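Each ligand, and each atom within it, is numbered from 1 in the order the structure gives. All figures in this text were calculated on a predicted structure; none of them were measured in a lab.
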Amino acid sequence: MGQQAAPVEETLDPQDWSAMRALGHRMVDELCDYLSTVRERRPWTSVPPATRARFEQPLPTSPRDPAEIFNEFRAHVLPYPSGNIHPRFWGFVMGTGTPLAALAEMLAAGLNSNVSGFDDAATLVEAQVVAWLRESLFFPSASSGLLVSGGSMANLVGLAVARNSNAGFDVRAKGVQAAPRPLTLYASVETHNSVRKAVETLGLGCEALRLVPVDAEYRIDLNALRAALAADRVAGHRPFCIVGNAGTVNTGASDDLHALADLARDERLWLHVDGAFGALASWSPALRARVAGLERADSLAFDLHKWGYVPYEAGCVLVRDAARQRMSFDVAAAYLAPARGGLAPEGPKLSHLGPQLSRGFRALKVWMALQEAGFDKLGRLIQQNVAQAAYLAELVRAEPELELGAPVPLNVVCFRYRDAARALDEAALDALNAELLVRLHEDGIAVPTYTRLRGRYLLRVAITNHRSRRADFELLAREVVRLGRELLASRG
Ligand SMILES: Cc1ncc(COP(=O)(O)O)c(C=O)c1O
């Protein structure tokens with residue numbers, strides 16, 4: 001028999017490691033240049049049509065030089081970010097990130113660990129991070145926790161555990177359609193829409209989520225909550241959970257979490273707290289009282305990619321009773337059964353605490369970021385943002401052509417431009433402020449976003465930005481007045 005030629009075997013590793021190394025150095029250099037000069041650029045610029053067209057290329061079927069690909073990134077991606085790393089970005093509730101955590105992402109991708117609970121260091125890093133977060137939020141050391149993609153996923157996981165633990169029957173086996181009595185849960189009308197998404201995803205139907213009115217401070221009305229619970233019990237429903245807010249998306253309001261914890265205890269309900277950003281106010285001793293009681297939650301959802309200043313994606317869910325979290329997601333399989341030793345021995349599996357099996361190494365950037373700053377400094381930065389919100393509110397109060405739209409309990413300021421003559425009606429004010437917001441974005445001034453409260457259109461500034469300075473808020477207030485006058489004049 002003649003000798004067969006060995007097949008050509010390929011790899012995705014570079015042929016020229018020194019060229020890859022040089023490109024990597026260039027990427028790091030350029031990233032540091034970019035981040036250190038961020039203030040000099042506009043917060044946001046619309047992607048021009050020619051650039052949009054660059055992203056309609058045919059399927060790439062053959063290799064391309066990595067340096068060329070990076071150049072394309074520099075030319076067509078880098079100039080058009082959403083802008084949330086800029087000091088004057090205060091839209092939605094977005095995070096700023098840090099340079100070290102960005103580099104950690106590169107290292108994490110290099111290791112490419114699958115953090116589902118093996119005998120490896122990445123799993124220990126995540127366990128360490130969760131232990132720090134638990135301690136920083138005054139959760140018991142026996143509670144469990146998991147890093148997830150963000151607040152939406154943390155709410156989904158927390159509410160899944162709530163449903164499975166407190167439905168009164170075996171939901172995992174029978175499904176929600178087997179409920180002898182319709183399950184209901186309770187949250188204020190100010191609750192983030194990710195809670196509704198979670199409720200729908202969990203098969204409960206959004207009508208099961210009873211939206212309770214709020215008081216003048218946008219906190220859940222406890223009497224209305226008690227009345228809703230009583231009415232549902234009389235009607236034969238089975239209330240199983242209350243969702244409290246530590247920092248609502250619209251105004252930063254926090255419910256009376258101690259009162260909710262007392263009520264949940266008395267009514268045998270699960271208390272889930274959505275503390276997407278507000279929970280981290282606990283990191284500041286000066287602010288802790290504003291979200292007091294969150295440590296009594298059965299489950300707590302929060303983000304690190306918002307007020308933790310860590311780059312996307314990084315959220316966390318903590319569950320007081322670790323067994324309940326495991327009992328919600330633990331599914332045995334022969335190919336995942338623990339061995340007597342080796343890489344996958346007996347022991348806690350992170351994949352048993354949430355829906356994901358394969359999980360990325362998002363813990364590395366969190367581990368680095370938390371140590372680089374330390375919790376004391378992070379607490380001070382959070383306090384700095386709250387002081388900036390109070391300062392902006394002061395500027396608004398001092399300016400007759402600006403009007404505050406809601407109390408400012410934390411880091412969110414809602415306000416609007418008002419004509420000095422008070423000649424415009426509500427509809428005209430809504431339209432004028434909506435136009436004004438677009439001008440702020442498109443003129444490259446700043447990026448607040450907006451909301452509606454009690455029917456009014458309001459500019460909304462949510463401050464989770466470690467790069468913002470008081471002068472940025474002075475500029476915002478000044479520019480809103482200038483643009484307001486200009487738009488008013490152009491209306492004739
Ligand atoms: C109060 C609140 N809950 C939940 C979320 C959803 O978090 P994420 O965007 O990380 O999924 C947000 C996002 O802004 C929020 O403000």
Original post:
Does Ser152 approach ligand 1 within less than 4.0 angstrom via side chain, backbone, both or neither, non-hydrogen atoms only?
Top reply: both
Do the side-chain N and O atoms of [X] and [Y] include a donor-acceptor pair separated by under 3.5 angstrom?
X: Ser136; Y: Trp283; value: yes
X: Tyr309; Y: Asn465; value: no
X: Thr184; Y: His237; value: no
X: Ser82; Y: Asn84; value: yes

Does some non-hydrogen atom of [X] fall short of 4.0 Å from ligand 1?
X: Met153; value: no
X: Gly315; value: no
X: Thr248; value: no

Relative to the heavy atoms of [X], which atoms of ligand 1 are at a distance of less than 4.0 Å?
X: Gly247; result: 1 (C)
X: Val249; result: 16 (O)
X: Val93; result: 14 (O), 16 (O)
X: Asp303; result: 7 (O), 8 (P), 10 (O)

Subject >> Heavy-atom nearest neighbour of atom 12 (C) of ligand 1 within options His305, Glu313, His192 >> reply: His192
Original post:
What protein heavy atom sits nearest atom 8 (P) of ligand 1, and how far off is it?
Top reply: Lys306 NZ, 3.2 Å
**OP:** Please report which non-hydrogen protein atom sits nearest to atom 2 (C) of ligand 1, along with the residue it belongs to and the distance in Å to one decimal place.
**Re:** Ala276 CB, 3.3 Å
Original post:
Between Trp132 and Phe375, does the ring centroid distance fall short of 6.0 Å?
Top reply: no
**OP:** Answer with yes or no after comparing the ring centroid distance for Phe302 and Phe277 against a 6.0 Å cut-off, counting only values under it.
**Re:**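 Ring centres of Phe277 and Phe302 not closer than 6.0 Å.
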**OP:** Please determine if Gly151 has a nitrogen or oxygen closer than 3.5 Å to a nitrogen or oxygen of ligand 1.
**Re:**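 For ligand 1, there is an N or O atom that lies under 3.5 Å from one belonging to Gly151.
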Subject >> Close N or O approach (Asp274, ligand 1; < 3.5 Å) >> reply: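 Checking ligand 1 against Asp274, an N or O pair does fall under 3.5 Å apart.
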Original post:
Parallel, tilted or perpendicular for His305 and Tyr312, by the 30°/60° rule?
Top reply: tilted
Original post:
Does the pair Glu126/Arg359 count as a salt bridge with the N-to-O cut at 4.0 Å?
Top reply: yes
Subject >> Sidechain N-carboxylate O distance under 4.0 Å for Glu200, Arg196 >> reply: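 Here Glu200 pairs with Arg196 in a salt bridge, since their nearest N and O are under 4.0 Å apart.
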